[in-house]
Chemist: 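Would you mind keeping the following structure in view while I ask a few things?
Keep in mind that what you see is a predicted model, and the values were worked out from it rather than measured.
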Amino acid sequence: QVQLVESGGGLVQAGGSLRLSCAASGGTFSRYAMGWFRQAPGKEREFVASISWSGITTYYADSMKGRFTIARDNAKNTVYLQMNRLKPEDTAVYYCAAARLVAKYNYWGQGIQVTVSA
């Protein structure tokens, strides 16, 4: 069983930046691909970004390309999401997740709130 805990969320003005962190425990972190998702009230959960176990391959949703960057530090069992030029529509609860197989996310964090004011 893998435990994931997000941190680094909060309130920021439009155009500002935040860096989210997700610390993993209870598993072999280097064997998992990692992803970030988000969900706003009344909306479905959407994909944000993902990174392979090696950190070489990354994917981003179209709306996040050029603004968000995903990275990982296997020595610290941590994955990051750097968010720049934030917009009010980025306001959501952000979740990190771990996958042993491509696109099969079996473990999820509790989520952390990100609020972007206009």
Chemist: Within the structure provided, determine whether V79 and W36 are in side-chain contact (heavy-atom separation under 4.5 Å).
Modeler: yes

Chemist: Quick check: do I112 and L20 have side-chain heavy atoms less than 4.5 Å from each other?
Modeler: yes

Chemist: Of all the heavy-atom pairs spanning A92 and A40, show the shortest one and how long it is.
Modeler: CB-N, 3.9 Å

Chemist: What closest approach, in Å, do R72 and S30 show between heavy atoms, and which atom pair accounts for it?
Modeler: NH2-CA, 4.2 Å

Chemist: If a pair satisfies ring-ring contact (aromatic ring centres under 6.0 Å, His included) and one of its residues is in residues 48-94, list it, with sequence neighbours excluded.
Modeler: none

Chemist: Can you tell me how far apart CD1 (I70) and CE (M34) are? Round to the nearest 0.5 Å.
Modeler: 7.5 Å

Chemist: Begin with the C-alpha distance, continue with both residues' side-chain angles, and end with the deciding distance and a verdict on side-chain contact (heavy atoms from CB on, under 4.5 Å) for L81 and V48.
Modeler: CA-CA 9 Å; L81 183 68; V48 174; 4.1 Å; yes

Chemist: Locate the shortest heavy-atom distance separating N84 from Q82; write the atom from each residue and the value.
Modeler: OD1-NE2, 3.0 Å

Chemist: T78 side chain to K76 main-chain N or O, any donor-acceptor pair under 3.5 Å?
Modeler: yes

Chemist: For the atom pair CE (M83) and CE (M64), what is the distance rounded to the nearest 0.5 Å?
Modeler: 10.5 Å

Chemist: Just checking Q13: does its CD atom have more than 12 heavy atoms from other residues, nucleotides or ligands closer to it than 6.0 angstrom?
Modeler: no

Chemist: In plain terms, say whether D62 and K65 are close enough for a salt bridge, that is, a side-chain N and a carboxylate O under 4.0 Å apart.
Modeler: yes

Chemist: Is it true that V114 and V93 fall in one hydrophobic cluster, defined by side-chain heavy atoms closer than 4.5 Å?
Modeler: no

Chemist: Listed by chain and number, what are the salt bridge (charged side-chain N to carboxylate O under 4.0 Å, His left out) partners of K43, not counting sequence neighbours?
Modeler: none

Chemist: About how many Å separate CD1 of I51 and OG1 of T69, when rounded to the nearest 0.5 Å?
Modeler: 10.0 Å

Chemist: Do side-chain atoms of E6 reach the backbone of Q110 as a donor and acceptor pair under 3.5 angstrom?
Modeler: yes

Chemist: Is the side chain of R85 donor-acceptor paired with the backbone N or O of G15 at a distance under 3.5 Å, no angle test?
Modeler: no

Chemist: Heavy-atom distance under 4.5 Å between the side chains of Q3 and V5, does that happen here?
Modeler: no

Chemist: Counting N and O atoms only, with roles assigned by atom type, does the side chain of R38 sit under 3.5 Å from a partner on the main chain of T91, one being a donor and the other an acceptor?
Modeler: no

Chemist: Kindly give the heavy-atom pair with the smallest separation between Y105 and G35, and that separation in Å.
Modeler: CE2-N, 3.7 Å

Chemist: So which heavy atom on A24 is nearest to which on L4, and how close?
Modeler: CB-CD2, 3.6 Å

Chemist: Among residues at least two apart in sequence or on other chains, which ones pass salt bridge (charged side-chain N to carboxylate O under 4.0 Å, His left out) with R100?
Modeler: none

Chemist: Hey, what's the ring geometry for F37 with F47, parallel, tilted or perpendicular (30° and 60° as the breaks)?
Modeler: perpendicular

Chemist: Considering residues, nucleotides and ligands other than Q39, do more than 12 of their heavy atoms fall under 6.0 Å from its CD?
Modeler: yes

Chemist: Quick one: are L18 and L86 in side-chain contact, heavy atoms under 4.5 Å?
Modeler: yes

Chemist: Quick one: OG on S25 to CG on N77, what's the gap to the nearest 0.5 Å?
Modeler: 8.0 Å

Chemist: Would you say T57's side chain and S52's backbone share a donor-acceptor pair under 3.5 angstrom?
Modeler: no

